[in-house]
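Written below as structure tokens is the structure these notes are about.
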Amino acid sequence: MIGDAGAVAWPSENCGDRRGGQTPSLVVLHYTAMKSAEAARDWLCNPEAQVSAHYVVAEDGRLWQLVCEGRRAWHAGAGSWQGRADVNSRSIGIEIANTGFHPFPEPQMARVETLLRGIFTRWNLTPEAVLGHSDMAIGRKIDPGPRFDWNRLARQELSIWPGRSAPGDFEADARRFGYGWKPGQEDALLSAFRMRFCPGASGPLNEADRAVMADLARRWPAPA
Ligand SMILES: [Zn+2]
């Protein structure tokens with residue numbers, strides 16, 4: 001099994017081949033929204049669930065690997081990134097045990113970080129590869145949620161952190177960066193974007209939002 005040498009192997013049958021021979025170019029972070037890490041792990045191994053992830057990270061830093069990184073796990077579902085659907089075929093999914101209402105404890109964050117460093121090395125990835133489920137499933141998913149510390153990952157070059165560029169057209173820049181959404185989901189787009197890049201922001205779309213989105217589009221544009 002290609003993966004983290006320190007993980008406990010806990011195989012799930014809920015997986016398949018990556019379509020078109022793709023290899024991982026993205027990492028999608030999730031929270032489990034379940035009572036315990038073990039309950040989430042077991043659900044992701046249950047054939048009835050029809051869902052899985054490559055990894056589950058417990059609050060105390062224990063790590064289980066359910067699916068080989070070379071295989072397609074079923075974590076991302078409907079949605080898109082950089083104009084392409086079937087995110088599962090080109091991503092690695094990490095489920096971080098959290099109810100959605102609690103901070104992510106230090107040992108868990110540290111384990112996520114070492115896991116990401118290994119994934120970057122194995123698949124030659126760079127910080128813009130890391131997404132939240134909320135980024136690629138606008139209007140449908142909000143995990144890993146407002147409690148997740150993206151800035152902490154960015155300080156270790158495990159995610160990106162934008163500055164501000166000259167404000168432009170918010171939606172055009174959002175598409176250029178990679179967001180996909182349907183008509184009527186503009187509010188969901190704004191809240192997903194703020195949850196990740198402008199923590200604590202509220203109210204209608206403003207100049208700061210436009211400046212940050214412009215910077216994302218300028219520095220990390222989707223491949224043409
Ligand atoms: Zn998720």
Side-chain angles (χ1 to χ4, degrees), residues 3-4 7 10 12 14-16 18 24-59 62-67 69 71-82 84-105 108-109 111-113 115-116 119 125 128-150 152-153 158-160 178-182 185 188-197 199:
D4 190 290
W10 202 278
S12 172
N14 298 344
C15 61
R18 295 183 180 276
S25 56
L26 299 172
V27 181
V28 181
L29 303 185
H30 305 260
Y31 65 44
T32 52
M34 289 183 75
K35 254 189 251 169
S36 72
E38 287 83 357
R41 176 202 67 193
D42 292 348
W43 177 245
L44 297 169
C45 293
N46 183 338
E48 281 175 34
Q50 293 288 299
V51 291
S52 63
H54 294 86
Y55 295 97
V56 177
V57 188
E59 290 88 340
R62 284 172 300 151
L63 176 69
W64 294 285
Q65 182 167 5
L66 280 53
V67 175
E69 289 180 359
R71 306 268 291 159
R72 181 178 180 273
W74 305 340
H75 57 95
S80 71
W81 185 249
Q82 296 183 334
R84 293 165 58 201
D86 190 18
V87 171
N88 282 336
S89 278
R90 56 192 170 106
S91 66
I92 290 171
I94 302 175
E95 286 280 358
I96 307 170
N98 186 279
T99 57
F101 304 102
H102 298 93
F104 293 79
Q108 186 177 42
M109 288 301 291
R111 196 65 187 87
V112 168
E113 288 155 6
L115 173 58
L116 285 173
I119 292 170
L125 304 187
E128 66 270 28
V130 181
L131 304 179
H133 201 187
S134 50
D135 293 318
M136 50 80 30
I138 300 288
R140 197 171 71 81
K141 295 290 179 181
I142 65 152
D143 60 310
R147 298 283 204 149
F148 190 76
D149 191 349
W150 286 101
R152 173 180 163 141
L153 290 195
L158 296 170
S159 180
I160 55 171
Y179 285 113
W181 70 97
K182 297 195 179 83
Q185 294 181 323
L189 167 68
L190 179 60
S191 82
F193 156 79
R194 282 176 167 173
M195 194 163 56
R196 175 143 180 216
F197 295 115

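Just follow the structure's listing: the first ligand is 1, and inside any ligand the first atom is 1. FYI, side chains are in, hydrogens and waters are out, and symmetry mates aren't considered; it's all heavy atoms of this structure.
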Is the Zn ion (ligand 1) under 2.8 Å from any N, O or S atom of D143?
yes
Value rounded to 0.5 Å, distance of CD in E128 from CD in Q82:
8.5 Å
Any donor-acceptor pair under 3.5 Å from N88 side chain to A76 backbone:
yes
State whether H30 contributes an N/O/S atom found under 2.8 Å from the Zn ion (ligand 1).
yes
Do you know which N/O/S atom name in H133 is closest to the Zn ion (ligand 1)?
ND1
Contact check, side chains of F193 and I138, non-hydrogen atoms, under 4.5 Å:
no
Quick one: does any side-chain atom of R72 pair with a main-chain N or O of R18 as donor and acceptor, under 3.5 Å?
no
